[in-house]
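What follows is a short report on a single structure.
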Number of protein chains: 2
Amino acid sequence: MIDIPETVSTIKQAAEFTGLSEDTIRYYEKIGLLPYADRKASGHRTYSKHQLEGMVFLTRLKATGMTLEEMKHFRKLYEMGEASLPERVSILIEHKNRIQNEIDRLLETQRMIDFKIDKFKEAFVNPDLNKKWKSPFAD
Amino acid sequence: MIDIPETVSTIKQAAEFTGLSEDTIRYYEKIGLLPYADRKASGHRTYSKHQLEGMVFLTRLKATGMTLEEMKHFRKLYEMGEASLPERVSILIEHKNRIQNEIDRLLETQRMIDFKIDKFKEAFVNPDLNKKWKSPFAD
DNA sequence: TCTTGACTTGGAGTGTACTCCAAGTTGTAT
DNA sequence: ATACAACTTGGAGTACACTCCAAGTCAAGA
């Protein structure tokens with residue numbers, strides 16, 4: 001059994017792949033969210049495919065509202081090994097629930113916007129309505 | 001025709017009703033997102049039911065990702081009157097689309113989390129799998 | 001009247017997450 | 001050999017959205 005050599009990326013390629021900026025990747029490493037990256041002899045960072053996938057996973061968590069601190073905690077658990085699996089699962093389930101609540105709120109706001117758009121359109125077609133119906137916009 | 005007298009609220013009641021803090025309401029007024037509030041003789045702010053509804057609308061836009069600057073722009077249009085109705089409608093439609101994209105991203109992340117939870121559970125039941133399958137978490 | 005709590009202002013301070021910079025080193029193409 | 005781009009570091013600066021504070025005024029009950 002031989003290890004399949006993984007293609008190795010520069011920080012620039014990592015940034016392209018993940019959508020993070022190079023500065024952000026270095027920043028994440030600095031605050032301990034990403035582990036100290038492997039280096040070439042020159043000191044330049046290198047990333048494996050596996051690491052890039054991990055970063056993308058991070059971006060998904062972040063984009064869905066997880067804070068950097070929570071992600072750091074999750075990573076700490078990951079480093080503790082198998083014993084932390086149950087807690088990691090419960091964190092993910094909890095996060096999934098938060099996402100669901102967020103989706104519900106978004107859907108509700110969409111309905112509210114639709115209602116408002118309808119009102120606007122009515123008011124546009126028949127300006128008289130505008131006098132009776134005052135749009136609530138904090139005034 | 002007589003005006004139905006609207007019940008008038010203090011800033012404290014406004015904060016309770018909207019979920020914003022009193023400081024935040026004053027801050028929104030300071031930056032021009034809310035108009036200069038009506039005052040009692042004492043100088044204390046008062047809010048009508050209509051104004052409270054407007055504030056709740058604001059909180060919905062904010063909670064779905066609209067920035068304070070965008071909301072200020074929307075309010076400016078509102079103050080310009082009927083002529084701005086088409087632009088206001090298009091802003092709302094645009095925002096609705098942004099919300100839809102956000103929902104899509106959230107759903108996708110939920111699926112990703114489900115996949116990961118399954119993997120974790122497998123690894124927990126059968127620790128051998130954990131050796132073959134490395135969780136990508138940026139390491 | 002006295003006290004207690006609510007409200008006022010302008011401005012300073014905070015938390016999160018970057019983002020940029022200077023000064024120096026390394027890698028690559030000509 | 002000489003550019004020139006890519007990379008390195010520590011630390012400073014920025015953007016957004018609040019959040020808190022001091023010092024003072026106002027309102028309502030005992």
Side-chain angles (χ1 to χ4, degrees), chain A residues 7-48 51-52 55-75 95 98 102 105 138, chain B residues 7-48 51-52 55-75 95 98 102 105 138:
Chain A
T7 35
V8 149
S9 307
T10 65
I11 193 168
K12 184 178 195 179
Q13 290 167 325
E16 257 163 47
F17 186 78
T18 61
L20 297 167
S21 74
E22 298 176 36
D23 271 325
T24 299
I25 292 171
R26 291 193 202 96
Y27 167 70
Y28 283 179
E29 185 181 317
K30 184 151 50 179
I31 64 170
L33 175 54
L34 294 176
Y36 190 76
D38 295 337
R39 307 300 175 114
K40 287 192 257 189
S42 62
H44 293 188
R45 291 170 179 80
T46 56
Y47 299 96
S48 68
Q51 289 169 327
L52 295 185
M55 282 193 227
V56 170
F57 178 57
L58 274 190
T59 66
R60 297 291 84 215
L61 293 180
K62 184 168 73 73
T64 53
M66 193 177 278
T67 66
L68 300 187
E69 278 308 311
E70 288 172 305
M71 289 190 275
K72 271 169 75 171
H73 178 61
F74 193 85
R75 211 186 85 80
H95 188 60
R98 276 159 51 182
E102 175 71 7
R105 261 182 338 127
Chain B
T7 34
V8 149
S9 307
T10 64
I11 194 168
K12 185 180 195 178
Q13 290 166 326
E16 257 162 47
F17 186 78
T18 62
L20 297 167
S21 74
E22 298 176 34
D23 271 326
T24 300
I25 293 171
R26 291 195 200 94
Y27 168 69
Y28 283 179
E29 186 181 316
K30 185 151 50 179
I31 64 169
L33 175 54
L34 294 176
Y36 190 75
D38 294 337
R39 306 301 174 113
K40 287 192 258 189
S42 62
H44 292 189
R45 289 170 179 80
T46 56
Y47 298 96
S48 68
Q51 288 170 327
L52 295 185
M55 282 192 227
V56 169
F57 178 57
L58 274 191
T59 67
R60 296 292 84 214
L61 293 181
K62 184 168 73 73
T64 53
M66 193 177 279
T67 67
L68 300 188
E69 278 308 312
E70 288 171 307
M71 290 189 275
K72 273 169 73 172
H73 178 61
F74 192 85
R75 210 186 87 78
H95 188 60
R98 274 158 54 181
E102 175 70 7
R105 260 183 337 128

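Chain identifiers are assigned alphabetically (A, B, ...) following the order of the sequence lines, protein sequences preceding nucleic acid strands; residue numbering begins at 1 within each chain.
- Nearest nucleotide to the Lys62(A) side chain, out of dT19(C), dT8(C), dC18(C): dC18(C).
- Protein chain A contacts DNA chain D from dA6(D) to dG11(D), reading 5' to 3' and using non-hydrogen atoms of the protein with a distance under 4.0 Å.
- Taking the side chain as every heavy atom from C-beta outward, His44(B) and Thr10(B) never approach each other to under 4.5 Å.
- Here the shortest heavy-atom pairing between Thr18(A) and Leu52(A) reads CG2-O, 4.1 Å.
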Please tabulate, one pair per line, each protein N/O and nucleotide N/O from nucleotides 24-30 of chain C that are separated by under 3.5 Å, including the distance.
residue: dG27(C); atom: OP1; partner: Ser42(A); partner atom: OG; Å: 3.0

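- The side-chain heavy atoms of Lys72(A) and Arg75(A), taken from C-beta on, include no pair separated by under 4.5 Å.
- dA17(C) atom P lies 12 Å from atom CE of Met66(A), rounded to whole Å.
- For the 3.5 Å distance criterion, the side chains of Thr64(A) and His95(A) qualify, holding a donor opposite an acceptor.
- The distance between atom CD1 of Ile31(A) and atom P of dG15(C), rounded to the nearest whole Å, is 16 Å.
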- Show your working on salt bridge (Lys or Arg N to Asp or Glu O under 4.0 Å) between Glu102(B) and Arg98(B) and close with a plain yes or no. CA-CA 6 Å; Glu102(B) 175 70 7; Arg98(B) 274 158 54 181; over 6 Å; no
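- With rounding to whole Å, Ile25(B) atom CD1 is found 15 Å from dA6(C) atom P.
- Scored by the salt bridge (charged side-chain N to carboxylate O under 4.0 Å, His left out) test, Glu16(A) finds no partners at all (sequence neighbours excluded).
- For Leu20(A) and dC18(C), the CG to P distance is 8 Å, given to the nearest whole Å.
- Considering every non-hydrogen atom in both Leu68(B) and Lys62(B), the closest pair reads CD2-CD, 4.2 Å.
- The overall bend of the helix from dT1(C)-dA30(D) to dT30(C)-dA1(D), read as the angle between its terminal helix axes built from five base pairs each, is 10° when rounded to 10 degrees.
- Nucleotide dT14(C) holds its P atom 15 Å from the CG atom of Asp23(B), rounded to whole Å.
- Nearest heavy-atom pair, Gly65(A) versus Glu70(A), reported as atom, atom and distance to 0.1 Å: O-OE1, 4.3 Å.
- Phe74(B) meets the ring-ring contact (aromatic ring centres under 6.0 Å, His included) test with Phe137(A); sequence neighbours excluded.
- Here salt bridge (charged side-chain N to carboxylate O under 4.0 Å, His left out) pairs that include residues 32-43 of chain B, with residues two or more places apart or in two chains, are Glu29(B)-Arg39(B).
- Regarding Arg39(B), its CZ atom lies at a distance of 12 Å from the P atom of dC7(C), rounded to whole Å.
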